[in-house]
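A note on names: the letters A, B, ... follow the listed sequences, proteins ahead of strands, and every chain is numbered from 1. Bear in mind the structure is a predicted one, so any value in this text is a computation, not a measurement.
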Amino acid sequence: MDEEDTRDFNERCAQCSEVNWGLTDGGRFYCRSCHNVTERTREVVNTDFITNSRVQTISKGLRKQEKSDGGCEWYICEGFQLVLKKQAEALEALGVCPQMKDEILCNFWRCYLQKSKQAYCKRPAGETVKTLSVCESSTDVDSDPERPSLLHLLSLSESEGDLQTDCSFASSMSKVSESTSVYSGSVDGSSYLMKNQKEKLRMTMPMTLSFCYMALLWLREPITLSELLRFVVEGHIPYLNVFQHFPEKMKLCGLDLKIFCVESWPVYEEVFDKMNELAAYLDLPRFPDITDSCFLHPDMLCMKYLMEANLPDELHNWTCRVVKKIGVGEVDFLTLMPGNKSTRKVKYDVLAAAIIVVVLKLLFLLDDRYEWLLSEFAEERNKHNTEGSPYFEFKKWYEVVKQSLDVELKKLDEERAKYLWRCEKPLFYSVKNKSKVLKRRQMVVNLQNQFGKLSGSVRRAEKPNPSSFQLSWSEENTDGSCFHGHSLRGILREKCGLLTTMNPDYWLCTVKLCNEKLCGHLAHYREVEFPQSYHFVLGLFSFLLRIQPSSIHDEVCMIEHKLFNKKLCKKLKYNTVLRK
Amino acid sequence: MDSFLEEEDVEAPAVVAVGKRRRRRRSPATRAALQPSLHLPFLPPQPASSNEHKLNFRKSKEACLSYIQDALLQKQWKRAAEFLICYVESLEKDYSREHVGPSEMIWRIGTEILWHHSHSSMKEFNCFMEQMKTLGVKRYLKVCLEHVFHLLCNGQIDEAYQNLSLAESWRFGEQTAIQDKEMKLIQAYRGLLDYYSWSKQKNILLEHEEDGFSDLAVEQEMHSYFRKAAVNLKEIIKIPGVWDVFVKCYVDLLEFYGDHNEARQVLNEYAYNSKFPANPNAHVYLYQFLKRQGESKKSLISALKILHDIVPSHELMIDFNTMLQKSKKRKKRRLGLEVIFAALDYAGWKENTKAWSCLARQVKQIVISEKHLDWIKQEWSSRKDWWPAFHFSRYLAKRNWQENESLSYEKALVAGILLGKDCKYFKYVSHQGCKAQLKRFRGLKKFVNRHNPVYLRISGPSDSSVQP
């Protein structure tokens, strides 16, 4: 019993940092290891709430059962809870440990509900509005000066509701505003978007993924954010049209669409930033340590990306040396400390990719000249080299990888163009345009069937299996397209018993970093100003991580500045001295 | 935003003009005060950095559309259909008032695919068209008309007629001006099909007449088709436009029933009403009608004169030239020379023996009579620097000789007169002709040699050396 009651409390003990809680008779948590009693008391929770999704019943009493249209009363947070549940289940099916859903994510969610005063508190924030919104269909918005106007609602940023660009929405909205009633299927849908959210973190669809990522990070699961988002796009994790899994009785309409209907893919930066905001908002303690045995450690991720980029295994030695030199492998650097504004939050996948780029720059310079020169030498040597592993030829690698990358990029582009965004369950803003929406939907289905017969290809019924590798290179292939075993001998030389690069020079992507907090970026990437080889490498990782090349470039600049910190400082000082 | 910029452009000169006019009286400061304040154009909305590359519904559909267009251009109908499956989703969000929105795109692209795809049937095509008709009120008549065209291409004339009648009875709200015009077009096409039936009946009747018996029922049916066709055809040709097919049929009907005045009026209106766009065929039809009616040379010539002004390379220019050459009036003969020279400026006439013989005949006539050499001189002066390469090269001489002996004869005569006996074309052809012991080529050589001084006078530098 004790076990069960304390399962949800995961904070580390302030004294011994163990997570081993018991429950005192007074309902307080005590640490079983050091017998430290906390101030925290056990909250009244319904342990199986996530499956029956009735958070509100706890604080709001029994819900009114049936509405006239056969739907039931429901709250926006219940909708999000269902979304999270579906996503957690999908992650579990992908092999994430079962703890994630029932313990970690569930607890984060409860914590969020409590912090945002939506449940687990004496007087939920929605209560005052609730009286208004129960009779929402007859609420006269314009007559109430306290409430923001509809126009204001519509100008909410796209990332919030994701329906900003939807002209059908806007046009149907204007029709609704004529009858001056704000419309939603949920109880608090209309007030949800209107609430002043300055001190609160309003839940959005992209934020459901922030929740998932936070839980995965807490468990140190071997999945990066870029991978998580890729699985979302590939349809392995419910996101788009997730409302079709809502029970029949949860009717979505009006402003609910603005909240749950998504018409764009989640963006890495947005999900990442929201996750950090969320962790701080929930006052979460320091996350479990990211050590060198974790998947998210740069040494591990570099190995993965080196394999995926078809680069020689020997390079791993170099990435490890860079990681060590600039200290980005340290636990304190890597571990998330919510709310600590002085540290830069780590994007593990981007960091690892950028380290590889820096190593390539160290060895090959990537200035559109030196790498080809080295490649020519390697080619010469390979002609006479019959034994042992071949010398790594940059040119050959470029040709092989470029070819596959072009094929994959083309495929990706076509897939994006061919993506079917709509699901079977049609959505309509109001009952008024229900018949029109259904008619259009029917016509779309008819046309799809008609042209489906002509397209010749049977539509993909099944999604491809999820894989963490997008490009694979096997050494079993005898066509020489795998470079994992190739040697770097030609481009290294021994100096005092240590292997160093042949290349004595280096070029910096930028001399001065921008202020990330002020300008939003560390550096600014313009393709034309950089060598082609460098751009190609960025493009390769940009494809693997599904993020913009400029994001990787920023990280490369950051690493370079850490790496050359001393030399840069000296130079700057020297310059200022000269000026004097 | 574009329109806004245009507005600024228009405004700018006006401001300058105001400044100039008042320069004398007012100081620059007051002038500046008088100028309207500068309106700055709108800037495009600044994209949030990360949202820039966000893939959303609209972008995905835009990409899809460009894939479809590529496939269509390469005639990959299967591939286009494959992408169209995904594009049709944008129908569900098409509430835009854009001129060419997704629904119009789907209609046009779908039609194209269904028409060209090897596996599609007319049944499916009809089914698609019926769906498209329900998509937009504004487009309804256009879709109907397009459907009819496809039915006609497929030889389904009865179905086409039914569709036209159906479209004609369609009403939705107040008709706009465009819809009104489209409705007229629908009616006109129905009239055309009635004409088609009429002409079928007419042929039956004519056959029967040959056999020596008359069929009253067929005749009555024919007349009823005439009435139906005439009403609609008459309507459409009142509206300014290019209605060649309708005009031709209507005139045919009128002529059959002997209403020549009406026919003449229709054709005159079609050719001369300045509200109608310039249309060479209008003059051709008028000329043909007048010719059928056995009208005077004068009216025929005036019809062709306008055609000559619009299309100097028209095939009727030969007739025109022949008519003018025969005229007793000097002015008309002068025009004839102009007409035939102008026709031969076009590559299409290059190897036309008839045209060259017209020119040769007239030039020869002038040379023999030794009157009006200045006509030739005038025509030649603007052509002498390019015709030799265009018509009279050695290569062409060789080819014309091999392919068409009489053509080379006519051309050689013209070349000999215009360029003298030493010109490449004449030399080659007359040499070949004499070698082949052809009598007329010997005559040609003699003629040119005799009149060789003419060439000097034609190509002379000033007008004064030429006798009037």
Partner chain A: residue of B/Ser118, B/Gly110, B/Ser60, B/Ser120 with the largest heavy-atom pair count (under 4.5 Å):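 Most heavy-atom pairs within the cutoff with chain A belong to B/Ser60.
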By a 4.5 Å heavy-atom criterion (distance strictly below it), what part of [X] contacts chain A: side chain, backbone, both, or neither?
{"X": "B/Ile113", "value": "side chain"}
{"X": "B/Phe128", "value": "both"}
{"X": "B/Ile68", "value": "neither"}

Heavy atoms of other groups near A/Glu424 CD, more than 12 under 6.0 Å: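 Atom CD in A/Glu424 is not crowded, with 12 or fewer foreign heavy atoms closer than 6.0 Å.
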ring-ring contact (aromatic ring centres under 6.0 Å, His included) partners for A/Phe543, two or more places apart: none
ring-ring contact (aromatic ring centres under 6.0 Å, His included) against A/His553, all qualifying residues, sequence neighbours excluded: A/Tyr525, A/Phe530, A/Tyr534
B/Lys61 side-chain N/O to B/Cys86 backbone N/O, donor-acceptor pair under 3.5 Å: yes
